[in-house]
Student: 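Following this message is one structure expressed as structure tokens.
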2 protein chains.
Amino acid sequence: MPVCRAPAAHGPEMGQDGQVGTRTGRPPKISRPDIIAAARRIIDTDGVDRLTMRRLAHDLGSTPMAVYHHVRDKEELLLLVLDDIASGMLRPELPADPRERVIVTAQAMHDTLARVPWVVQVITADDLFSPTALWYNETVIDAAMACGLSIEDAVYAYRSIWYYTAGELIVRAAAARRRAEDDRPTFRERVFADLDAEELPRLSSLAGRWEEISARDTYTAGLRALVDGLLPARR
Amino acid sequence: MPVCRAPAAHGPEMGQDGQVGTRTGRPPKISRPDIIAAARRIIDTDGVDRLTMRRLAHDLGSTPMAVYHHVRDKEELLLLVLDDIASGMLRPELPADPRERVIVTAQAMHDTLARVPWVVQVITADDLFSPTALWYNETVIDAAMACGLSIEDAVYAYRSIWYYTAGELIVRAAAARRRAEDDRPTFRERVFADLDAEELPRLSSLAGRWEEISARDTYTAGLRALVDGLLPARR
DNA sequence: ACCTGAACACCGTTCAAGT
DNA sequence: ACCTGAACACCGTTCAAGT
């Protein structure tokens, strides 16, 4: 059993420097930062699904087992990548009005994740997330309390916002992936093409305009609606 | 769509005498209904991730390729299962008040999917869904229009509700899966256990109560807040 | 018409070495 | 200390037959 494991939750900067004078044995060919960078490259260009230990090793000019010497398993690798991404997190200027603070923070969280949509897939599926990102939770909960909510209700408000945001990101990411993967009409489009006008009059009245209507980004409008409903009315 | 035959008894081979009319060739050992039932059994007991063509064939006392004779590929199999599930969809009594109609329909959609949480994972990830389920879209859009929204805004209102609902179901399903899989404290719990009280005062003040607070189901409350924000104020 | 068995091109991960 | 190669136990799917 190799015992080289560095704690995962802290920054990548420590590297091998901890053991300067006493270094012995074979010099390393690949490092954790190398591995993380290569993993991000694969995910960015080909999607998370294409990140495999073999592909990663190949891109590094190495072997799968060399990678396993630096990371415990694929889960830890994903966690390191997540931490790396969290360092690029957007921390917006916070307005004085607490209600706007909720909106602005949620929007920043959304925009940060929209740049790396696969992250939402991973964190909801696998319980992986970066402690750094808790800043969003804290800020939304604090602002909601400043609007008059109890701490419990502020947590529930945050949670509702997270459900809405995660749902939006996951659905949009899935749609984008579909568009990238193949251009033949998807199953969804085929179904919409021949709807029963008797049973589904509203939907079939939209038949031709579905794509156009779906394309519009309404995240922000929906967020404002949700926050309006969650927070007590303004005085 | 191919026609589904009646379920055939699985077990000892039926004699040639079982054949009727013009049917020729080898009598089938497995049928689509058999396959669907077996697939549902696997998913219900072990989760979607454990549904593999090999496992399915094994459970049917057959071989993977026998399954491929009845189903094009794994995607079609999932679609058949989805269709099967859609037949158990809840169609609630619809109240006269259109605003309540939105709530009741969304709640029914949520409750239907909450019984089979893996479905949300599959439909958002793979663009698979059952036409039967469009009843929810239609009903919500129609009710939102009855509240005074244009058809476009009604579609966007539906979409916001779907984001919120899908997010809730996915997050809860992931949490449940985690709990089932292992009982050592998850990464998330370990992080919450030692928060920096300086940086994250609200979150760390909740340290001990996190689990208790998370456990409460606030789907309906959040839904009402969202719908309040989305629909024009009552006259 | 329906099913079988072997094979292909993949996975994540472990074992036992090699330098 | 770090890396290699072979192997294990899996995938979905295809090919070529067998009855």
Side-chain angles (χ1 to χ4, degrees), chain A residues 1-6 15-35 38-39 42 46-79 122 125-126 181, chain B residues 2-5 8-16 18-35 38-39 42 46-79 122 125-126 128:
Chain A
M1 274 290 170
V3 209
C4 76
R5 174 155 67 266
Q16 307 83 350
D17 300 346
Q19 12 183 309
V20 172
T22 53
R23 281 279 290 287
T24 58
R26 193 167 171 166
K29 268 175 66 181
I30 58 176
S31 66
R32 277 163 88 115
D34 289 344
I35 291 172
I42 292 170
D46 297 337
V48 226
D49 296 346
R50 301 298 250 283
L51 175 63
T52 69
M53 300 304 265
R54 288 160 201 265
R55 164 78 189 278
L56 180 61
H58 175 262
D59 285 12
L60 286 162
S62 187
T63 67
M65 279 320 295
V67 177
Y68 276 98
H69 192 264
H70 297 266
V71 295
R72 187 165 9 89
D73 52 21
K74 200 181 175 183
E75 178 160 326
E76 189 185 64
L77 171 62
L78 244 12
L79 216 129
V122 170
D126 292 335
E181 260 163 30
Chain B
V3 180
C4 285
R5 286 174 291 262
H10 158 61
E13 300 187 23
M14 335 171 61
Q16 301 268 24
Q19 283 180 46
V20 185
T22 54
R23 285 276 293 284
T24 57
R26 192 165 171 168
K29 266 174 68 180
I30 59 176
S31 66
R32 277 163 88 112
D34 289 343
I35 291 171
I42 292 169
D46 296 338
V48 225
D49 296 346
R50 302 298 249 282
L51 175 64
T52 69
M53 300 303 266
R54 288 161 201 265
R55 164 76 189 279
L56 180 62
H58 175 262
D59 285 12
L60 287 162
S62 188
T63 66
M65 282 318 298
V67 177
Y68 275 98
H69 191 263
H70 297 266
V71 173
R72 186 161 17 82
D73 52 20
K74 201 181 172 180
E75 178 160 328
E76 188 183 69
L77 170 63
L78 243 12
L79 217 129
V122 169
D126 293 334
L128 303 173

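Every chain is numbered from 1, with letters handed out A, B, ... down the list of sequences. From a predicted model like this one, the values you see are computed outputs, not experimental measurements.
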Student: With respect to the side chain of B/Met65, which nucleotide from D/dC3, D/dG12, D/dC15 is positioned closest?
Tutor: D/dC15
Student: So, for B/Arg50 and B/Asp46, which heavy atoms are closest and what is the spacing to 0.1 Å?
Tutor: CG-O, 3.2 Å
Student: Ignoring hydrogens, what is the shortest heavy-atom contact between A/Ala57 and A/Pro64? Give both atom names and the distance.
Tutor: CB-N, 3.3 Å
Student: Would you indicate which nucleotide in D/dT14, D/dA1, D/dT13 comes nearest to any side-chain atom of B/Asp73?
Tutor: D/dT13
Student: So, does B/Lys29 use its side chain to make a donor-acceptor pair with the main chain of B/Leu60 at under 3.5 Å?
Tutor: no
Student: Expressed as a whole number of angstroms, how long is the span from B/Leu56:CG to C/dC3:C1'?
Tutor: 15 Å
Student: Whom does D/dA16 pair with, Watson-Crick or G-U wobble, provided both distances fall under 3.5 Å?
Tutor: C/dT4
Student: Please report, rounded to the nearest Å, how far the P atom of D/dC11 is from the CG atom of B/Asp46.
Tutor: 12 Å
Student: Using whole Å, what does the distance between atom C1' of nucleotide D/dA17 and atom NE2 of B/His69 come to?
Tutor: 14 Å
Student: Rounded to whole angstrom units, what separation is found between the CD atom of A/Glu75 and the P atom of C/dC11?
Tutor: 19 Å
Student: B/Leu77 and B/Met53: which non-hydrogen atoms are nearest, and at how many Å?
Tutor: CD2-SD, 4.0 Å
Student: Go through D/dT13, C/dC3, C/dG12 for me and flag the one nearest to the B/Pro64 side chain.
Tutor: D/dT13
Student: Quick check for you: among C/dT4, D/dG12, D/dT4, whose closest atom lies nearest to any side-chain atom of A/Thr63?
Tutor: D/dT4
Student: Between C/dC10 and A/Thr52, is there an OP1 or OP2 to side-chain N/O distance shorter than 4.0 Å?
Tutor: no
Student: What is the nucleic acid contact for A/Leu51, judged by heavy atoms within less than 4.0 Å: base, sugar-phosphate only, or nothing?
Tutor: sugar-phosphate
Student: Which nucleotide in the list C/dT4, D/dC3, D/dA7 gets nearest to the side chain of A/Arg54?
Tutor: D/dA7
Student: From NE2 of A/His58 over to C1' of D/dT4, roughly how many Å is that when rounded to an integer?
Tutor: 16 Å
Student: Let's see if you can work this out: which of C/dC2, C/dA7, C/dC11 has an atom nearest to the side-chain heavy atoms of B/Pro28?
Tutor: C/dC2
Student: Output yes when a side-chain donor or acceptor of B/His70 lies under 3.5 Å from a complementary backbone atom of B/Ile30, and no otherwise.
Tutor: yes
Student: Checking the side chain of B/Arg32 only, and the main-chain atoms of B/Val71 only, is there a donor and an acceptor separated by less than 3.5 Å?
Tutor: no
Student: Take the protein atom CG of B/Asp49 and the nucleotide atom C1' of D/dC10, then report the distance between them rounded to whole Å.
Tutor: 14 Å
Student: For the side chain of A/Met53, counting heavy atoms from C-beta on, which of C/dA7, C/dG12, D/dT4 is nearest?
Tutor: C/dG12
Student: In whole Å, I'd like the distance from the CD1 atom of A/Ile30 to the P atom of D/dT4.
Tutor: 8 Å
Student: Could you check whether A/Leu60 gets within reach of a base, just the sugar-phosphate, or nothing at all, counting any heavy atom under 4.0 Å?
Tutor: nothing
Student: Roughly how many Å is it from NZ in A/Lys29 to C1' in D/dA1, rounded to a whole number?
Tutor: 14 Å
Student: Paired with D/dC11: which nucleotide, if any, by Watson-Crick or G-U wobble criteria at under 3.5 Å for both distances?
Tutor: none
Student: Using the P atom on both, measure C/dA9 against D/dA9 and round to a whole Å.
Tutor: 22 Å
Student: Check every atom of C/dC3, D/dC11, D/dT14 against the side chain of B/Tyr68 and return the nucleotide holding the closest atom.
Tutor: D/dT14
